[in-house]
There are 2 protein chains.
Amino acid sequence: MAEDVFKALADPTRRRILDELVERDGQTLFEICTRLVTGHGLGLSRQAISQHLAVLESAGLVLSRRQGRYKFHDLNTEPLERIVTRWLRPDAPEKTP
Amino acid sequence: MAEDVFKALADPTRRRILDELVERDGQTLFEICTRLVTGHGLGLSRQAISQHLAVLESAGLVLSRRQGRYKFHDLNTEPLERIVTRWLRPDAPEKTP
DNA sequence: ACCATAGGCAAGTCGCGACTTGCCTATCAA
DNA sequence: TTGATAGGCAAGTCGCGACTTGCCTATGGT
């Protein structure tokens with residue numbers, strides 16, 4: 001649903017996670033944790049990030065593949081492209097004609 | 001800020017308001033109220049809609065022009081176009097090549 | 001077998017956002 | 001000037017979402 005996508009994007013921490021994944025796909029939970037703490041200075045527990053990933057995953061913005069004891073996360077931009085065109089008028093000025 | 005745009009889009013009622021404005025620009029608060037109640041069956045007070053409009057306005061998604069005792073609201077899609085390109089990879093597959 | 005690593009589940013705290021209620025201001029018509 | 005219309009301000013209630021804490025499962029290395 002579009003509802004889940006908007007709610008997922010509402011949180012700044014979840015947007016940071018998307019920032020991490022657009023930079024490098026296939027990161028594990030612990031990788032994302034350390035990179036958020038060291039890179040952005042966020043002091044969050046592992047469970048907090050885990051719950052955020054669950055939200056992003058149920059919104060379809062993140063796909064995960066389990067492999068042994070690792071779980072890799074990939075960004076999926078497909079839901080993003082739908083939602084915003086909702087309010088873009090068909091006769092909008094073209095940027096790149 | 002992009003922060004305000006995402007927070008504004010997080011609420012379903014505010015998205016309905018954008019739906020109303022993309023259909024017809026320049027509506028007043030009371031027009032939006034009645035059309036939300038009759039069209040979508042939402043039971044919301046006038047103040048609730050007013051506060052939602054304030055959020056949309058501070059996010060830059062809605063512009064307002066006062067004229068006499070009326071206040072007309074217009075949709076501004078410009079903030080929308082920025083925020084989503086944030087996670088769209090430059091080498092994304094083209095839909096219309 | 002043992003321990004460390006990678007992750008999940010569940011209950012609990014807490015603050016913020018959505019909504020209401022009540023009252024006030026301003027503009028227009030009669 | 002009075003009343004009706006259009007809107008604003010402020011305090012208060014309440015539920016949901018973000019985060020923590022504690023414990024549990026499973027895979028891999030040695």
Side-chain angles (χ1 to χ4, degrees), chain A residues 1-21 24-38 40-59 61-74, chain B residues 1-21 24-38 40-59 61-74:
Chain A
M1 315 291 151
E3 172 77 25
D4 305 310
V5 179
F6 284 113
K7 284 204 171 182
L9 293 176
D11 188 87
T13 303
R14 285 196 285 269
R15 295 196 296 271
R16 294 272 171 89
I17 293 178
L18 295 183
D19 290 338
E20 285 299 325
L21 288 181
R24 183 158 65 90
D25 248 345
Q27 296 193 53
T28 73
L29 171 60
F30 274 58
E31 282 178 302
I32 297 173
C33 280
T34 55
R35 293 189 60 172
L36 281 184
V37 171
T38 65
H40 297 278
L42 299 183
L44 287 176
S45 70
R46 175 182 57 88
Q47 284 77 1
I49 309 289
S50 178
Q51 290 166 3
H52 281 306
L53 279 173
V55 174
L56 289 169
E57 211 169 332
S58 71
L61 289 166
V62 164
L63 304 177
S64 68
R65 42 195 164 95
R66 190 115 201 198
Q67 192 172 344
R69 60 173 163 175
Y70 299 103
K71 189 179 176 188
F72 302 106
H73 301 271
D74 301 290
Chain B
M1 315 289 151
E3 173 77 24
D4 305 311
V5 179
F6 284 113
K7 284 205 172 182
L9 293 176
D11 188 87
T13 303
R14 285 196 285 268
R15 296 197 295 271
R16 295 271 171 89
I17 293 178
L18 295 183
D19 290 338
E20 285 299 324
L21 288 181
R24 183 158 65 89
D25 248 345
Q27 296 193 53
T28 72
L29 171 60
F30 274 59
E31 281 178 303
I32 296 173
C33 281
T34 56
R35 293 189 61 173
L36 281 185
V37 171
T38 66
H40 297 277
L42 300 182
L44 287 174
S45 70
R46 175 182 58 88
Q47 283 78 0
I49 310 289
S50 178
Q51 288 167 5
H52 281 308
L53 278 172
V55 174
L56 289 169
E57 211 169 332
S58 72
L61 290 167
V62 163
L63 304 177
S64 69
R65 44 195 162 94
R66 190 113 202 200
Q67 192 171 345
R69 60 174 162 175
Y70 299 103
K71 189 179 176 187
F72 302 106
H73 301 271
D74 301 289

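Naming convention: chains lettered A, B, ... in sequence-line order (proteins, then strands); numbering from 1 in each chain. All values derive from a computational prediction rather than experimental measurement.
Of the side-chain N and O atoms in B:S45, none sit less than 4.0 angstrom from OP1 or OP2 of C:dC19. For the OP1/OP2 pair of D:dC19 and a distance below 4.0 Å, the side-chain nitrogens and oxygens of A:H52 include at least one atom meeting the criterion.
Within the structure, salt bridge (charged side-chain N to carboxylate O under 4.0 Å, His left out) pairs that include any residue of residues 41-54 of chain A do not occur (at least two apart or interchain). Note on residues 47-58 of chain A: pairs passing salt bridge (charged side-chain N to carboxylate O under 4.0 Å, His left out), not counting sequence neighbours, are A:E57-A:K71.
Between the side chain of B:R14 and the backbone N or O of B:K7, at least one donor-acceptor pair lies under 3.5 Å.
Closest non-hydrogen pair, B:L21 versus B:H73, comes out as CD2-O, 3.6 Å. Smallest separation of non-hydrogen atoms from A:D25 and A:D74: OD1-CA, 3.2 Å.
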Letter per nucleotide, 5' to 3', of nucleotides 2-12 of chain D [B base touched, S only sugar-phosphate touched, - untouched; heavy atoms, 4.0 Å] | --BBSBBB---
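In this structure, the side-chain contact (heavy atoms from CB on, under 4.5 Å) partners of B:A48, at least two apart in sequence or on a different chain, are B:L44, B:S45. Residues satisfying the side-chain contact (heavy atoms from CB on, under 4.5 Å) test with A:R24, not counting sequence neighbours, are A:Q27, A:E31, A:R35.
As a whole-Å value, the separation of B:L44 CG from C:dT21 C1' is 15 Å. Taking atom CG of A:L9 as the reference point, atom P of D:dG17 lies 15 Å away to the nearest angstrom. Computed from coordinates, the B:L36 CG to C:dC19 P distance equals 11 Å when rounded to whole Å. Between the NZ atom of B:K7 and the C1' atom of D:dC16 there is a distance of 14 Å, given to the nearest Å.
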Report all interatomic pairs (protein N or O, nucleotide N or O of nucleotides 13-15 of chain C) with separations under 3.5 Å.
none

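Nearer the 5' end of DNA chain D, as judged by each residue's closest nucleotide, is the contact made by A:T13, out of A:T13 and A:Q67.
With contacts defined as side-chain heavy-atom distances shorter than 4.5 Å, the pair A:L18/A:V62 qualifies.
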